[in-house]
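On a predicted model such as this, the values are computed, not experimentally measured, just so you know. Ligands are counted one by one from 1 in listed order, and the atoms in each one are counted from 1 as well.
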Amino acid sequence: MRKPKINRMALAMCLGSFVMLIFYFQNHLKPAQDSGQARGPRKSVRSPLQALYTTDPTELSPLQLMHQSRRDLLEDVCHSYTNKRRVLIPEDLKHLIVDDHHGLLYCYVPKVACTNWKRVLMVLTGDTQRDPLQIPANEAHVPGTLRTLSEYSTSEINQRLRTYLKFVFVREPFERLVSAYRNKFTRSYNTAFHKRYGTKIIQRHRAEASPEALERGDDVSFSEFVRYLVDPGTQREEPFNEHWERVHSLCHPCLIHYNIIGKYETLQQDSSYVLKLAGVDDEVTFPSSAKSTRTTADMVASYFKDISLAYQKKLYNLYKMDFLLFNYSMPAYLKFT
Ligand SMILES: *[C@@H]1O[C@H](CO)[C@@H](O)[C@H](O)[C@H]1NC(C)=O
C-alpha cells in the first residue's frame with residue numbers, strides 16, 4: 001500500500017515543479033509582447049490577455065483601476081498568509097474551464113453565476129451561435145461538455161496559463177454559503193444531496209434523530225450544516241463538496257495569477273468587461289439573472305441568529321482566506337469579537 005503512494009507523490013511533485021517553474025515566469029511576463037495565440041483563425045489579432053495590458057498604465061479608466069486594486073490586494077494577502085512552497089498539480093486545475101478559441105481560462109465557483117458563465121463558454125467554444133439562456137441549466141453542468149485545464153498535458157497547461165486571460169468570479173463567502181445551503185438542503189427536489197450529505201449530517205449532528213429524518217436527510221437545519229462544516233472530521237474524511245468548498249481551495253488564487261477577479265456584487269459590469277476583452281461583446285451578452293430567489297444580506301444575517309458565538313467564530317476562521325483575499329469585511333452580524 002505504501003510504495004505506490006510514494007511514487008504517485010513523486011510524480012505529482014515532478015509535474016508540479018514544472019507548473020511552478022512557469023508560474024515563476026508568469027509574474028515577470030509582459031503579456032503584450034507575448035506571441036502566443038498564433039493557433040486557429042481569429043478575427044482579432046490581440047488576445048484577451050494582450051487586450052488587458054495594452055492600455056497605457058497612466059491612462060487607466062476607473063474600471064481598470066478597480067480591477068488593478070483587486071489584483072494588488074489579492075497578491076498582498078497571498079504574500080502575508082500563504083505557504084509559498086505549495087506546488088500546483090494538474091488535479092488542482094479541474095475547475096479551470098478552457099476556451100481555446102478565444103484564449104480564456106475561467107475558474108468556476110458554484111453559487112457565483114457559474115451556470116451562466118458555463119452557458120456563455122459553451123456558446124463561445126461551440127460552433128453554433130445561440131442565446132446562452134437557450135441552453136438548459138443541467139446541460140451546462142454535464143461533465144465533458146466543456147474542457148478543463150487538468151485534461152491537458154503539462155506543456156499545454158503551461159502555455160495556456162502563460163498566454164490566456166485567467167478569470168474567476170467570487171462572492172461574499174457567507175452569502176455564497178447560505179445560498180448553497182438553501183439550494184441544496186431546503187428544496188425538496190434535491191434528493192441526491194439529501195441522501196449523500198443530509199443523512200450523514202443528521203446522523204452525526206442531531207441528537208435523537210427520528211428514523212425518517214435519518215433515512216431521508218431532507219430537513220437539515222442551518223446550524224446542523226454549520227456543525228458539519230466546522231467538524232474537523234468532515235474534511236479528514238473527504239474534501240468539501242464544491243458548493244461549500246472555499247474559492248481558495250477550488251481556484252488556488254495564490255498560485256494562479258488571475259487577471260480578472262469578478263464579483264457577484266458587480267456581476268454584469270465585470271462580465272461585460274471580460275467579454276469585451278475577449279472581443280466578443282457584440283456576439284454574446286451575459287444573461288442577467290432572475291433576482292426572485294436571490295439570497296440577500298438580510299437573509300444571511302437571519303440564518304446566523306441561530307448560530308452560537310463559538311460556532312460563528314469557527315465558521316469565520318474556516319472561510320477567512322476567502323474574506324481576506326477578495327476584500328470582504330467581517331459581517332456586522334457576527335458577534336464573537
Ligand atoms: C476593499 O473594500 C473597501 C470597503 O468595502 C473599499 O473601500 C476598498 O476600496 C476595497 N479595496 C480594494 C483593493 O478593492
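- Phe304 and Phe222 have their aromatic ring centers within a separation under 6.0 angstrom.
- For residues 199-261, the set of pairs meeting the disulfide bond (SG atoms under 2.5 Å apart) definition, not counting sequence neighbours, comprises Cys78-Cys254, Cys107-Cys251.
- The ring pair (Phe, Tyr, Trp, His ring centres under 6.0 Å) check on His248 picks up nothing, with sequence neighbours excluded.
- The contact shell of ligand 1, taken as protein residues with any non-hydrogen atom closer than 4.0 angstrom, comprises Ser69, Leu73, Asn327.
- Under the rule for a side chain to side chain contact (heavy atoms under 4.5 Å, CB included), the partners of Leu309 that lie at least two apart in sequence or sit in another chain are Gln312, Lys335, Phe336.
- With contacts defined as side-chain heavy-atom distances shorter than 4.5 Å, the pair Leu334/Phe174 qualifies.
- Between the side chain of Arg119 and the backbone N or O of Phe286 there is no donor-acceptor pair closer than 3.5 Å.
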